[in-house]
Amino acid sequence: MRNRFDRQLQTLSTELTAMGSLCEKAIANATEALKNGDLELAGLVIREDEEIDQMEKEIESLCLKLLLQQQPVARDLRQISAALKMITDMERIGDQTSDIAEIIISAGMSEVSDIKGISEMAEATSRMVHDSVLAYVNKDLALARKVMDADDEVDQLFDKVKHKLVKIIAEDHGKQGERAIDIMMITKYLERIGDHATNIAEWVEFSITGVHKDYAAL
């Protein structure tokens, strides 16, 4: 019975890794669509958000089966509970990459928009998503805490880009100013993605230690 349960836990880790990879791909594609004015790629990001939504449902179903059909001990229970929380954040990451793509399409950003700092933000948030899921799979507390620390880097990048865009808006009330407002929204979505990756890492910490910063120790 335990061997079967362990195999199911391994399947859970595999599915979470796959969902995390989809989120990383979505971040990369949304950023590439912005940089190159690729409306077709932006449309693909929106369509692929449905795949992330479907994976959330499948992983949620697997978690519920593990909880209902097995009798997990405390550590296993934390691992499954953390996974349920993590997929919620990953689903929201998918939503926010889709929101970025919708801005690109609705604003007609068919020209290159390579604002310095945005690519760095996207790379940093994508790395945070990857590392947070890897920390879960490998039960790596140090890596999870590294992800939490990386959120400060994303926030600093956001502030730098925001200041540049505010300057553009103040100096140009025409088309360039309007585009800057749209890009400001996109950078805010990237900053939120970093927040969700941090949430994932905090649940990884909980799965390993039984402690979450927002809840009493279990």
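Sequence positions, counted from 1, serve as the residue numbers for this chain.
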Engineer: Does M184 belong to the same Ile/Leu/Val/Met/Phe/Trp/Tyr cluster as V154, with side-chain heavy atoms less than 4.5 Å apart forming each link?
Structural biologist: yes

Engineer: Where do T209 and R78 land on the side chain to side chain contact (heavy atoms under 4.5 Å, CB included) test, with the steps shown first?
Structural biologist: CA-CA 9 Å; T209 67; R78 293 199 304 268; over 6 Å; no

Engineer: Apply side chain to side chain contact (heavy atoms under 4.5 Å, CB included) to the pair I183 and I103, showing each step before the final yes or no.
Structural biologist: CA-CA 9 Å; I183 295 174; I103 291 173; over 6 Å; no

Engineer: Only distances under 3.5 Å count here; give the side-chain donor-acceptor pairs of residues 159-168 to other protein atoms, sequence neighbours excluded, each with its distance to 0.1 Å.
Structural biologist:
from : atom 1 : to   : atom 2 : distance (Å)
H163 : ND1    : D159 : O      : 3.1
K164 : NZ     : K116 : O      : 3.4

Engineer: If you compare all heavy atoms of L84 against all heavy atoms of C63, which two are closest, and at what distance to 0.1 Å?
Structural biologist: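 The answer is CD2-CB, 3.6 Å.
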
Engineer: Please identify each residue that fulfils side chain to side chain contact (heavy atoms under 4.5 Å, CB included) with I104, with sequence neighbours left out.
Structural biologist: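 Applying side chain to side chain contact (heavy atoms under 4.5 Å, CB included) to I104 gives A33, L34, L39, A42, I100, M109, I186.
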
Engineer: What donor-acceptor contacts under 3.5 angstrom involve side-chain atoms of residues 11-18, with partners at least two apart or in another chain?
Structural biologist:
from : atom 1 : to  : atom 2 : distance (Å)
T11  : OG1    : R7  : O      : 3.1
S13  : OG     : L9  : O      : 3.4
T14  : OG1    : Q10 : O      : 3.0
T17  : OG1    : S13 : O      : 2.8

Engineer: In the single-linkage hydrophobic clustering (I, L, V, M, F, W, Y; side-chain heavy atoms under 4.5 Å), do M148 and M121 co-cluster?
Structural biologist: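 No; tracing contacts between hydrophobic side chains, which count when under 4.5 Å, never links both residues.
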
Engineer: Linking Ile, Leu, Val, Met, Phe, Trp and Tyr through side-chain heavy atoms less than 4.5 Å apart, which residues share a cluster with I105?
Structural biologist: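 Its cluster partners, ordered by chain and number, are I46.
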
Engineer: Given the rule that I, L, V, M, F, W and Y join up when any side-chain heavy atoms are under 4.5 Å apart, are F206 and I59 in one cluster?
Structural biologist: yes

Engineer: Nearest 0.5 Å please: distance from the OG atom of S81 over to the CG atom of D76.
Structural biologist: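 Output value for this atom pair is 10.5 Å.
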
Engineer: Within the 4.5 Å heavy-atom criterion, are E153 and R127 side-chain neighbours or not?
Structural biologist: yes

Engineer: Do I208 and V147 land in one hydrophobic cluster if side-chain heavy atoms of ILVMFWY residues count as linked below 4.5 Å?
Structural biologist: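 Looking at the clustering, V147 is in the same group as I208.
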
Engineer: Do L190 and F158 have side chains that approach each other closer than 4.5 Å (heavy atoms only, starting at C-beta)?
Structural biologist: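 No - every pair of side-chain heavy atoms lies 4.5 Å or more apart.
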
Engineer: Enumerate, atom names and distances included, each donor-acceptor pair closer than 3.5 Å involving a side-chain atom of residues 132-146, sequence neighbours excluded.
Structural biologist:
from : atom 1 : to   : atom 2 : distance (Å)
S132 : OG     : M128 : O      : 3.1
S132 : OG     : V129 : O      : 2.8
Y136 : OH     : Q79  : O      : 2.9
D140 : OD1    : A142 : N      : 3.2
D140 : OD1    : L143 : N      : 3.0
R145 : NE     : E205 : OE2    : 2.9
R145 : NH2    : E205 : OE2    : 3.0

Engineer: Just grab all the salt bridge (Lys or Arg N to Asp or Glu O under 4.0 Å) pairs involving residues 57-70, residues at least two apart or on different chains.
Structural biologist: none

Engineer: To the nearest 0.5 angstrom, please state how far the CE atom of M86 sits from the CD atom of E202.
Structural biologist: 12.0 Å

Engineer: Give a yes or no on whether the backbone of E123 and the side-chain of S126 come within a donor-acceptor separation of less than 3.5 Å.
Structural biologist: no

Engineer: Can you tell me which residue pairs pass the side-chain hydrogen bond (donor to acceptor under 3.5 Å, both in side chains) test with a partner in residues 89-104, sequence neighbours excluded?
Structural biologist: D89-H196, D89-N199, Q96-H196

Engineer: Where do V204 and S207 come nearest, in terms of heavy atoms and distance?
Structural biologist: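 So the minimum-distance heavy-atom pair works out to O-OG, 2.7 Å.
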
Engineer: Kindly compute the distance separating CG (D151) from CD (Q156), expressed to the nearest 0.5 Å.
Structural biologist: 10.0 Å

Engineer: First locate atom CD1 of I193, then atom OG1 of T198, and finally report the distance between them rounded to the nearest 0.5 Å.
Structural biologist: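 One gets 12.0 Å once the value is rounded to the nearest 0.5 Å.
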
Engineer: Quick check for you: to the nearest 0.5 Å, what is the distance between I87 atom CD1 and C23 atom SG?
Structural biologist: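 I87 CD1 to C23 SG: 11.0 Å, rounded to 0.5 Å.
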
Engineer: Could you list all the salt bridge (Lys or Arg N to Asp or Glu O under 4.0 Å) pairs where at least one residue sits in residues 36-51, not counting sequence neighbours?
Structural biologist: K25-E48

Engineer: Where do G94 and I52 come nearest, in terms of heavy atoms and distance?
Structural biologist: CA-CD1, 3.8 Å

Engineer: Side-chain heavy atoms nearer than 4.5 Å, only ILVMFWY residues, links allowed to pass through others: does that put I93 and L22 together?
Structural biologist: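 Linked within one cluster.
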
Engineer: Report the residues that fulfil salt bridge (charged side-chain N to carboxylate O under 4.0 Å, His left out) with E191, sequence neighbours left out, ordered by chain and then residue number.
Structural biologist: K188

Engineer: Using the side chain to side chain donor-acceptor pair (under 3.5 Å) criterion, which residues pair with Q8? Sequence neighbours excluded.
Structural biologist: Q70

Engineer: Just verifying a value: how many Å separate H130 NE2 and T125 OG1, rounded to the nearest 0.5 Å?
Structural biologist: 13.5 Å

